[in-house]
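First up is the structure itself, then whatever we jot down about it.
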Amino acid sequence: MILEEVLKQGVVDIFKEEYGVDLSPQLVTINITKKEHEGDYTIVVFSLTKISKKSPEQTAELLGNKLKEKTGIVGKFNVIKGFLNLSLTDDYWLNRLKEISANVTYGTFPANHKKVVLEYCGPNTNKPLHIGHVRNMLLGFSMGEILKATGEDVTKVNIYNDRGINISKSMVAYKRYGNNSTPQSTGVKGDHFVGDWYVKFGEVVKQELENIPNKPDDKDEAAKLTPIFKEAQEMVLKWEADDPETIALWKQMNGWVYEGFHETFKVLGIDFQKDYYESETYKLGKDIIEEGLRKNVFKKRADGAVIVDLTPDGLDEKVLLRSDGTSIYITQDLGTAELRHKEFGMEKMIYVVANEQDYHFKVLKLALQKLGKQWADGIYHLSYALVESPTGRFKSREGKTADADDLIAEVLRIAEERTKELGKIEGFTDEQAKELYRTIGLGALKYFVLRVNPYKKIIFNPEESIDFHGHTGPFIQYTHARIRAVIRKAGVTPTGFETLSGLHEVERELIIQLSEYENVVKAAAEKYDPSEVANYVYNLAKLYNKFYHDLSILNAETEQLKNFRVALSNQTGIVIKKAMKLLGIDVPERM
RNA sequence: GGUCCCUUAGUUCAAUGGAUAGAACGGAAGUUUCCUAAACUUUAAAUACAGGUUCGAUUCCUGUAGGGACCA
């Protein structure tokens with residue numbers, strides 16, 4: 001049983017014995033003791049005084065004595081106001097370390113066979129990925145790893161918005177001015193190549209607008225009057241009519257985009273088990289609309305539009321199908337959700353989508369629940385806030401800084417520069433050095449994004465945000481490399497330290513921290529929040545560096561102590577590596 | 001007009017309703033004959049405002065101000 005539960009249960013038992021009251025374990029609050037006080041864990045007893053009818057101090061004193069007596073793992077305790085600080089015995093912690101070390105799968109939980117579908121990324125195919133996608137991809141991938149660690153059966157899926165007016169814009173511009181150029185002939189990455197034609201389209205609209213008299217003030221409305229825009233609209237119709245030439249062009253251009261995307265996915269180390277395409281799902285959802293009407297859950301409005309009334313749930317009436325019978329996003333999302341449930345029979349479906357869609361996903365979940373689909377209870381919108389530049393929202397026209405590939409190239413460049421400055425690559429082959437830059441650069445970027453709680457917006461300043469000191473990915477990577485250096489020098493795997501006595505303060509703290517790892521993984525999964533893991537592993541690394549600085553490992557006073565410290569180092573390295581893996585970040589053997 | 005989200009140090013982030021609100025960067029001052037100084041140590045610096053609930057509020061509730069998003 002996990003330590004916190006042992007202590008909570010102990011408190012419950014004591015209250016049963018002393019006062020005959022059945023206390024719920026949830027009412028017992030237990031924290032790691034603040035470092036300015038002596039102790040490992042602290043029980044906060046204020047809330048228990050109502051039952052004990054005694055002062056906080058007396059209640060804590062009683063609990064301390066009884067816990068010491070009953071559990072056998074409490075070495076000593078002290079009481080400050082209503083806080084009971086428990087120090088566990090050195091034996092307990094040494095055994096705990098031994099237990100953790102012996103468990104190769106420490107921090108991962110047995111398979112529970114719960115099927116989870118995790119959708120993330122969801123790009124449009126008319127332009128390259130930008131910094132917002134980066135946050136999405138890193139969050140999505142990490143969430144998948146965390147859920148897998150807690151035993152869930154995760155299928156990661158992507159959805160490509162590959163049809164409609166936007167891709168048609170790129171197609172029209174390319175058709176007019178492309179001269180059969182290709183990514184290969186121009187040396188431009190596929191998604192950027194297509195994105196450039198999308199930009200070109202915008203430029204042409206601007207030019208053509210100058211020749212249009214009496215245009216409306218609204219820019220978007222005015223744009224619709226230009227010849228090239230009309231061409232794009234025709235292109236959509238032709239596509240829907242399966243016009244062979246249009247389909248061929250569409251396939252060709254999307255093909256280029258996918259090539260480009262896959263390259264970026266590979267660099268970021270993210271993957272999907274299944275791809276969905278809007279072109280294949282955009283007609284879905286009509287059946288479910290029918291079902292809703294039959295069940296009287298959805299209603300037909302006077303104008304013919306199908307709506308669901310969500311006013312009892314504090315939302316509005318929401319249109320699910322337009323009065324002319326055409327679909328909107330919510331229509332196909334309903335259909336796609338149903339399709340996935342047929343395919344996977346999942347208990348949970350997680351959508352990693354920006355918080356602009358909060359309302360949309362509330363509607364989606366509610367509508368499916370109202371249809372009586374129980375699996376809809378398992379829908380979770382992992383909503384994340386935008387990534388903004390210091391001057392506000394990144395606009396694609398601000399260019400370079402918002403582009404995912406440029407951003408990645410930039411962090412790799414900085415990593416290379418900094419590593420060379422420090423002279424850290426002696427004895428590395430060119431290949432190894434390059435690999436190291438990649439590891440460190442991506443580590444910095446990924447950690448920067450994942451350390452922040454998803455619902456908080458990130459202010460990203462390309463000049464300053466990528467750092468290698470302090471609370472950063474490279475700091476943690478460096479700590480791992482340091483540990484590996486110690487292990488290499490130590491040679492053998494140590495044993496027989498468990499008879500040691502008299503743990504040093506920082507050694508204790510380190511073991512406590514290692515012992516918390518499994519709780520952190522669980523919490524991150526429950527809260528759908530990788531930043532829990534990110535902040536944990538930083539604290540672990542920081543603590544290790546203190547340990548490393550304060551105490552000698554290889555030159556410890558006795559052989560036994562050396563063995564123990566090597567083992568503690570080794571285990572810290574293992575947990576750092578595991579935690580970073582959950583974030584999708586590699587750790588180097590040396591740097 | 002309605003709904004939702006955010007506001008903590010100069011800056012970027014932490015804090016299941018618990019102790020003196022933690023870190024990092026930046027500022028100031030230090031540590032290397034010793035296992036990797038991308039490290040470690042010391043130091044100054046913050047809960048937007050006003051109420052309420054509570055033994056106890058950064059956290060929960062109400063209102064105000066500022067920032068952002070969505071719905072029509």
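Letters A, B, ... mirror the listed sequences (proteins, then strands); counts begin at 1. Predicted model, so just to flag it, every value in this text is computed and none were measured.
For the pair A:E38 CD and B:A19 C1', the computed distance is 16 Å after rounding to whole Å. Note: CD (A:Q357) to C1' (B:C5) measures 15 Å, nearest angstrom. If you take NE2 of A:H37 and P of B:G22, they are 10 Å apart, rounded to a whole angstrom. Taking atom CD of residue A:E317 and atom C1' of nucleotide B:A72, one finds them 12 Å apart after rounding to whole Å. Atom CG in A:L27 sits roughly 15 Å away from atom C1' in B:G18 (whole-Å rounding). Straight-line distance from the CG atom of A:D467 to the P atom of B:G26: 7 Å, rounded to whole Å. Rounded to an integer number of Å, the gap from CD1 of A:I328 to C1' of B:C70 is 15 Å. Counting to the nearest Å, the P atom of B:C70 and the CG atom of A:L315 are 16 Å from each other.
Between A:F361 and A:Y380, the gap from one ring centroid to the other reaches at least 6.0 Å. When ring centroids are compared, A:Y517 and A:Y536 come within the 6.0 Å threshold. Taking the ring centroids of A:Y544 and A:F547, they lie under the 6.0 Å cut-off.
Nucleic acid contact class of A:I459 (heavy atoms, under 4.0 Å, all strands): sugar-phosphate only. Across all strands, A:N85 comes closer than 4.0 Å to base atoms (heavy-atom distances). Using a 4.0 Å heavy-atom distance criterion, A:H360 is classed as making no nucleic acid contact. Using a 4.0 Å heavy-atom criterion, one finds that A:S569 contacts no nucleic acid atom at all. Nucleic acid contact for A:D316: sugar-phosphate only, since backbone atoms but no base atoms lie under 4.0 Å from a heavy atom of the residue. Residue-level contact check: A:K527 touches neither bases nor backbone, having no heavy atom under 4.0 Å from any strand. Residue-level contact check: A:L551 touches the bases, meaning some heavy atom is under 4.0 Å from a base atom.
To the nearest whole angstrom, the two P atoms, one in B:U7 and one in B:U42, are 30 Å apart. Separation of the P atoms belonging to B:G52 and B:G67 is 28 Å when rounded to the nearest angstrom. The same atom, C1', is picked in B:G56 and in B:A21; the two are 15 Å apart, to the nearest Å. Taking atom P on both nucleotides, B:U8 is separated from B:A46 by 14 Å, rounded to a whole Å. Rounded to whole Å, the separation between the C1' atoms of B:G22 and B:A45 comes to 14 Å. The gap from the C1' atom of B:C6 to that of B:A44 amounts to 29 Å, rounded to the nearest Å. The separation of B:A57 from B:A15, taken at their C1' atoms, amounts to 13 Å, rounded to a whole angstrom. When the C1' atom is used for both B:U43 and B:A48, the distance is 28 Å, rounded to whole Å.
Residue A:K50 places no side-chain N or O under 4.0 Å from the OP1 or OP2 atom of B:C55. Remark: A:K456 is in phosphate contact with B:A14, judged by side-chain N or O atoms under 4.0 Å from OP1 or OP2. Close to B:U36, at under 4.0 Å from its OP1 or OP2, lies a side-chain N or O of A:K489.
Remark: side-chain polar atoms of A:D309 are not paired, donor with acceptor, to backbone N or O of A:E317 under 3.5 angstrom. A donor-acceptor contact shorter than 3.5 Å is absent between the side chain of A:T49 and the backbone of A:V45. Not one N or O on the side chain of A:D406 forms a donor-acceptor pair closer than 3.5 Å with the backbone of A:A402. Listed for the A:H381 side chain is no donor-acceptor partner under 3.5 Å among the backbone atoms of A:K362.
Nearer the 5' end of RNA chain B, as judged by each residue's closest nucleotide, is the contact made by A:Y455, out of A:Y455 and A:R451. Across the interface with RNA chain B, nearest-nucleotide mapping of A:I458 and A:E36 shows A:I458 to be the residue nearer the 5′ end.
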Annotated structure of RNA chain B as dot-bracket, pair cut-off 3.5 Å, Watson-Crick or G-U only, | for inter-strand, is (((((((..((((....[...)))).(((((.......)))))....(((((..]....)))))))))))).

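For the residue pair A:D586 and A:T439, no side-chain donor N or O sits within less than 3.5 Å of a side-chain acceptor on the partner.
Few gaps surround CD on A:E421; more than 12 heavy atoms of other groups in view lie less than 6.0 Å from it. The 12-atom threshold is exceeded at CD of A:E36, counting heavy atoms of other residues, nucleotides or ligands nearer than 6.0 Å.
When each of A:T33, A:L88, A:L543, A:I32 is checked for a side chain to side chain contact (heavy atoms under 4.5 Å, CB included) with A:I512, only A:I32 meets the rule. Considering A:K581, A:M580, A:R484 as possible partners of A:V587, the one that fulfils the side chain to side chain contact (heavy atoms under 4.5 Å, CB included) test is A:M580.
A cation-pi arrangement is found for A:R482 relative to A:Y548, the charged atom lying closer than 6.0 Å to the ring centre and inside a 45° cone about the ring normal.
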The contact string for nucleotides 38-46 of chain B, one letter per nucleotide 5' to 3', using protein heavy atoms under 4.0 Å with B, S and - for base, sugar-phosphate only and none, comes out as BSSS-----

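Nearest to the side-chain atoms of A:K34 among the listed nucleotides B:C70, B:A19, B:C4 stands B:A19. Checked against B:C71, B:C35, B:A14, the side chain of A:N453 finds its nearest nucleotide in B:A14. The side chain of A:V486 lies closest to B:C35, out of B:A19, B:C13, B:C35. Counting only heavy atoms from C-beta on, A:Y359 has its side chain closest to B:C70 among B:U8, B:U36, B:C70. Listed candidates were B:G18, B:C13, B:C35. Nearest to the side chain of A:I553 is B:C35. For A:I80, the side-chain atoms get nearest to B:A19 when compared with the rest of B:A19, B:C25, B:C71. Among B:U36, B:A14, B:A19, the nucleotide with an atom closest to any side-chain atom of A:R590 is B:U36.
Per the stacking criterion (ring centres < 5.5 Å, plane angle < 30°), A:F46 does not stack onto the base of B:G56.
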